[in-house]
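These notes are about the structure you will find just below.
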Amino acid sequence: MLGCPTVAMTTAIDDYYRKTYDTVVPMTFSLKNIKSVAFARALVRHYLGTIAANRATMTYPTGKLPNRDWDGASPFDSVRLPDKRTFEDIKAYNAQVVRDLRSIDDAALDNLATMLRQRVLFDARAHAVGAFSGDSFGGGDMETACEIVGLDYDILGGYQLDKGRPTIFASDDEVLRETNALYLHNTELRWLDVGTLASALKLTLCSGWGPDRIQELVGDPATNDVAKGIILLQQWWIERVLASADAQKKCSVYSSQDRALIWEAFTADQHSNNDSSSSMDTYQTQLNIYRDDKTAQYRHTATLALRQVFPNDSVLTSAEHQRVVAAINAETAFGLLPSKIAVAIDAAQGKINGPAATVWKHAVQVNVGRIGGNYNPNDAVRPRDEVAVTTMFGEVKTWIANQYQGYPIEIVSLFPYISLIIDTSNNAVTDSTATIRFGVGTSRSKMEYYSLLLHELRHAVYYAWKVNAPDKSKVKEDEGPVAEGSGVAVEALLLELFVKQTLKNDTAYALYALDYGIRDARYVATTDATLQRYFRSSCGGAHEANTLDFARGIGMAYGLTGLLADNMALRAHAGTQYFQYISGGLPMLADIAYLQDHTDPSRQRRIDPFVLFACGLNTPRRDAAYIGALKVCMHL
């Protein structure tokens, strides 16, 4: 490929760059048009390194590329299966690609080549540290428990989209051999402790699909050998891990080199840090600023809510009101402000369950509706919860349909391809077939559930378009920080507008907005706990908390208690996955603000992630060509 490529090789590599980097290069792109010999050679090596790292995950389950190996002719016949030696070789090869890309003189590249190099460098950096499938779990795909336990998705995703045995496998025996190889590879399992193991086994995010989904996709394990085999091979891997010495380890102590590797994997996946300007330390600084801003925001929100409930001095005097405001401004656990205000009111009046506190509690109870919670394992979803969430999802879809009309991609036309499955888990996840699995295991306010539905609907329309677009090769990806940043930005930009229009009640909105602090407390606390466990220097002392209790303690400082603290502690151990919400949401919001100022500063036409998606411009850029295309799409 480097010296004498065949026509098939040349065709395959051009097709790879046109479809993988379609937000950068035109569909007429060809490697032969790259003027820099060094850059062209690096692009060939990157292509080979990518195929070595990702194998058929380049095409499964929603890839744009045909099933074709590096030579452009042979089909893939396996998914990613590196053993320890191969895993290290792939990383070393891609590390050289990174060095090659960094060594190229900018003066030798035109504008398109410069943009392409930056984009390719993100992926090459990820492959060089073992992040082979675009994960955000903090290291190599074959090294962390959260990633390994769900590796059968490489095969099950094929079953889902091919509606039967994936076409890359000629027989059921091949499927089982592949699954066996997924779970019996000899790469090192790193950073295993009670926290990372618990997250791998208990979080849907890590553990993937259980027996029910396997029965749905593959067959009944009682009668289908393939389904039975997939389940058994995963269970045997879990049994071996549970029997290991590290399964009971109190925590993992990460070295500075570990943190650098993990941060490299995360930022490469997020399409940032090509200049090596950030680190976990700089992210900690960013998080501290974000936390302080949220603390100030919810103190202000609490003050407004207090005035809504007590618009005059008849129940709470002016002096008492000021004492309550002072208590609000001293509170740091903003997730608990609704209950803390009741305590502060009683303190201000020198009462227990006094008249003003009673009025406050009643206002919260009457105005803030809640859904879910109080489920035991194996409980069915309560009909009232299912009806409530289904109704709310209908309201969200109707509102979105009315907001986004006349764009190239008709969002409302994608709704029939989106499914909502309500279960008793504690989170919401949208898979590649536009199926939203929405958990009601945790009691949350209606506003928080509306927020989750808006977030997941943005993911769902993207996946529905990927699967059902007439020309899938032209579907624009949610790249890097947009993958989660789009959902976060949707919540930030649309939730207040939607809820105010839905409630039509200022007092109810003020109290919902204050109660929503528990959601932001979860965002900040989970990110903070994730960071702090990476910086923890020891846990060996008799009185030092294990890593899960350590994380719970951090959550409690923000106002998370009980099940909320337990869930947060698990999520904080799923690698760096939770970093992407704040780190993806903030730049997405900044880019959207920039685009708004440079397209319609009057704000008569709002720009948000749904608009960008509907225009086929998912990933925001601050260049003239992108802004021009956005103006055309929005008829500006």
Side-chain angles (χ1 to χ4, degrees), residues 294 297-298 300-301 304-305 308 364 367-372 385 387-407 409-415 418 420 422 427-428 430 434 436 438-440 444-462 464 482 484-520 522-523 581 584-585 588-589 592-593 595-596 600 603-615 618 634:
K294 285 296 177 183
Q297 172 191 328
Y298 280 103
H300 178 67
T301 301
L304 294 178
Q308 281 290 331
V364 172
N367 287 285
V368 180
R370 299 191 180 280
I371 298 170
D385 287 343
V387 169
V389 173
T390 301
T391 301
M392 291 165 65
F393 190 47
E395 292 173 325
V396 169
K397 288 192 294 183
T398 298
W399 190 81
I400 292 294
N402 290 333
Q403 295 285 315
Y404 305 97
Q405 297 180 7
Y407 290 99
I409 299 174
E410 294 182 7
I411 290 179
V412 68
S413 71
L414 299 173
F415 288 170
I418 296 171
L420 177 70
I422 302 167
N427 58 346
T430 303
I436 302 171
F438 197 90
V440 292
R444 307 186 198 276
S445 75
K446 288 184 68 175
M447 182 168 175
E448 193 170 354
Y449 274 123
Y450 278 130
S451 187
L452 287 168
L453 288 167
L454 283 165
H455 182 123
E456 296 304 326
L457 185 59
R458 170 57 181 80
H459 293 325
V461 295
Y462 163 67
V482 178
E484 282 300 341
S486 60
V488 174
V490 160
E491 295 177 90
L493 295 171
L494 300 183
L495 181 62
E496 179 180 350
L497 179 64
F498 169 78
V499 173
K500 281 186 172 180
Q501 291 181 2
T502 301
L503 293 176
K504 300 181 177 65
N505 183 313
D506 290 341
T507 299
Y509 177 77
L511 291 169
Y512 266 117
L514 179 60
D515 184 89
Y516 193 72
I518 197 67
R519 175 268 193 191
D520 278 336
R522 187 179 74 249
Y523 259 44
Y581 292 98
M588 184 80 176
L589 288 167
I592 287 174
L595 294 173
Q596 188 79 63
D600 184 15
R603 267 56 177 180
Q604 292 183 1
R605 296 290 303 277
R606 182 186 65 245
I607 296 175
D608 60 54
F610 278 109
V611 171
L612 300 185
F613 166 79
C615 288
N618 304 27
M634 297 181 68

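As the structure is a prediction and not an experimental result, all values here were calculated from the model.
Taking CD1 of Ile607 as the reference point, atom CE of Met634 lies at 4.5 Å (rounded to 0.5 Å). Atom OH in Tyr298 sits 10.0 Å away from atom CD1 in Ile518 (nearest 0.5 Å). Rounding to the nearest 0.5 Å gives a distance of 11.0 Å between CD1 of Ile409 and CG of Leu612. The distance from the CG atom of Asn367 to the NZ atom of Lys446 is 12.0 Å, given to the nearest 0.5 Å. Taken from CH2 in Trp399 to OG1 in Thr502, the straight-line distance is 8.0 Å, to the nearest 0.5 Å. Considering OG1 of Thr390 and CG of Asp385, their distance stands at 10.0 Å, rounded to 0.5 Å.
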Please step through side chain to side chain contact (heavy atoms under 4.5 Å, CB included) for the pair Asp506 and Gln308, ending with a clear verdict.
-> CA-CA 8 Å; Asp506 290 341; Gln308 281 290 331; 4.0 Å; yes
Going through the checks in order, is the side chain to side chain contact (heavy atoms under 4.5 Å, CB included) test met by Leu453 and Ile436?
-> CA-CA 9 Å; Leu453 288 167; Ile436 302 171; 5.6 Å; no
Candidate pair Val461 and Phe415, rule side chain to side chain contact (heavy atoms under 4.5 Å, CB included), full reasoning = CA-CA 7 Å; Val461 295; Phe415 288 170; 4.1 Å; yes
Could you give me the CA-CA distance, side-chain angles and deciding distance for Val387 and Thr391, then say whether side chain to side chain contact (heavy atoms under 4.5 Å, CB included) is met?
-> CA-CA 6 Å; Val387 169; Thr391 301; 4.0 Å; yes
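Residue Met588 comes nearest to Asn618 through the heavy atom pair CE-O, 4.1 Å, listed as atom of the first residue, atom of the second, then distance. When every heavy atom of Ala489 is checked against every heavy atom of Pro609, the shortest pair comes out as CB-CG, 3.7 Å. The shortest non-hydrogen separation linking Val490 to Leu454 is CG1-O, 3.7 Å. Scanning both residues, Ala388 and Ile371, for their nearest heavy atoms gives CB-CD1, 3.8 Å. Taking each heavy atom of Glu456 and Ala428 in turn, the nearest pair found is OE2-O, 3.3 Å. Nearest heavy-atom pair across Ala464 and Ile418 is CB-CG1, 4.1 Å.
Lys504 places a side-chain N or O within donor-acceptor distance of the main-chain N or O of Gln501, the cut-off being under 3.5 Å. Formation of a donor-acceptor pair under 3.5 Å by the Ser451 side chain with backbone atoms of Met447 is not found in this model. A distance-only check finds a donor-acceptor pair linking the side chain of Gln405 to the backbone of Ala401 [under 3.5 Å]. Looking at Glu491, its side chain never comes within 3.5 Å of a backbone N or O of His455 through a donor-acceptor pair.
Asn505 and Tyr512 share no donor-acceptor pair across their side chains, judged by distance under 3.5 Å alone. Using modelled atom types, one finds no donor on one side chain facing an acceptor on the other under 3.5 Å when comparing Tyr462 with Arg458.
Note on ring orientation: taking the six-membered ring where Trp is involved, the planes of Phe610 and Tyr404 are tilted (angle from 30° to 60°).
Listed by chain and number, the residues in a salt bridge (charged side-chain N to carboxylate O under 4.0 Å, His left out) with Lys397 amount to none (sequence neighbours excluded). For Tyr449, the ring pair (Phe, Tyr, Trp, His ring centres under 6.0 Å) partners at least two apart in sequence or on another chain are Phe438. A search for ring pair (Phe, Tyr, Trp, His ring centres under 6.0 Å) contacts involving Phe393 returns nothing, not counting sequence neighbours. The salt bridge (charged side-chain N to carboxylate O under 4.0 Å, His left out) test applied to Arg605 returns no partner, not counting sequence neighbours. Judged as a side-chain hydrogen bond (donor to acceptor under 3.5 Å, both in side chains), and not counting sequence neighbours, the contacts of Tyr581 are Arg571, Gln577. Listed by chain and number, the residues in a salt bridge (charged side-chain N to carboxylate O under 4.0 Å, His left out) with Glu395 amount to none (sequence neighbours excluded).
Within 6.0 Å of atom CD in Gln297, more than 12 heavy atoms from other residues, nucleotides or ligands are found, so the atom counts as buried in its surroundings.
Contact of the Gln403 side chain with the Asp608 side chain is not registered, since no non-hydrogen atoms from C-beta on lie closer than 4.5 Å. Residues Val364 and Leu514 form no side-chain contact, since every pair of their non-hydrogen atoms from C-beta on lies 4.5 Å or further apart.
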